[in-house]
Amino acid sequence: MAHPSPGAAPATPDGEQAETRERIVWVAMDEIAVGMFAHPLSSASFLIARKDQIRTLRETGAKGVFVDLAKSSPASLPEWARAMAGIKRETGAGAGAATPRVNRRAAAFDRARQVLTRSRAPMERLLRQARLGKTLEKKEVIDLVEEIAASVEQCASAIISLSRIKTVDTFTYLHSLAVCALMVNFARNAGFSRADVQELGMAGLLHDVGKTVVGSAILNKPGPLTPAEMTTMRTHAQAGHDILSRGGQFPATVLDVALHHHEKIDGTGYPHKLAGDAISVPARMAAIADVYDAVTSNRPYKEAWLPGESLADMFSWQGHFDTELMQTFIRSVGIYPVGSLVRLASERLALVIEQDEADLTRPLVRIFYSIPQREPVTITDLALAREQGDSILSREDPRKWGFLDWDRRWPEMIRLD
Ligand SMILES: [Fe+2]
Ligand SMILES: [Fe+2]
């Protein structure tokens, strides 16, 4: 078990926890070899197939990388790592083949990702029909909402955080799915009935359906809109309402949200400059969910804001949102949303992997980096709500720490177990 390798993280062979944790080990750069499955902090995971890939890793300045023992060829591993891989096999199931430990969180993330992928074609079909002036089928919409609601029920943070990660190609449909998921989660937390939760989810899914009448040159413009373009953009609220009115299938709430999700509490929104209570609760909720998803997503013209910062910022905007609903929304996504990078009092960096209902300021975190040593440490999970010795000091910007492409990296890190 002992491994004399200089850069390697100390092993903690204390039962089951150590066993699962040690499938991923920190390997010093000197010991990196062809055949290892690497999880570098600065790029996507990959199987090292050629020597020049090792050189590239070295050139990043990293002192080593995380290596997945199970996915690496045994011959590539140093003696101590082979020993660790062997120990895992022996303790896995007592006798015979090891039973893979069910990783609930990884499974929830996989399922959420499947839901998002599967929903793409039907969502894009709905938008296409809207563009062609056809009546949208309520049944198709309900099927989509039900699938997303089921995913929210199983693990809200998985579908919410994954739908935040968008590209130019996937923005439109993912924004619809994200606002749907956020609305379902919001409504559940606010104590709405099951039927209302579904209706609010539907309203979220269709809130921007009117954007199908706005040209893509304006929708994807990399930069601020001119006043004329802004006027065109703003027509999407009324257009959405009109599209959804055709056929008379959709409930009033859904039409109302399409029309009024850009109204502001102080009466400066559009299209009707409604103020305060004149804006319905569903429209006030959608305004929050819509802006949260918009600011936390990458757009052609701006980098995404960090989820936690966005909540703090949005809370400080005077006259924009309903303050009480904003508080409920923050409770529903957490003060440190899943995927946030945080700095702990113990001078370590960690990834927020799960909310703790008992205390939103003390979520479950996955520690992976030592600040004084400026290098990764063996991954350890810590339930801050139950661990009085440590706490979150601040949210951190992953870019500042050189963790490039963080939005692709953290979902992978969550799967490690
Ligand atoms: Fe909108
Ligand atoms: Fe929107």
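Remember, it's 1-based here, ligands and their atoms both numbered in the order they're listed.
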Atom nearest to the Fe ion (ligand 1) - H236, N, O or S atoms considered: NE2
E59 bridged to R55 by N-O distance under 4.0 Å: no
Least distance between heavy atoms, A286 atom then H261 atom: CB-CB, 4.1 Å
Side-chain ion pair, K139 and D143, N-O less than 4.0 Å: yes
Over 12 foreign heavy atoms within 6.0 Å of CZ, R386: no
Verdict with supporting geometry, E137 and R125, salt bridge (Lys or Arg N to Asp or Glu O under 4.0 Å): CA-CA 11 Å; E137 278 309 316; R125 189 167 56 241; over 6 Å; no
Count of N, O or S atoms belonging to protein, less than 2.8 Å from the Fe ion (ligand 2): 4
Aromatic ring pairing F37/H39, orientation class (parallel under 30°, perpendicular over 60°, tilted between): perpendicular
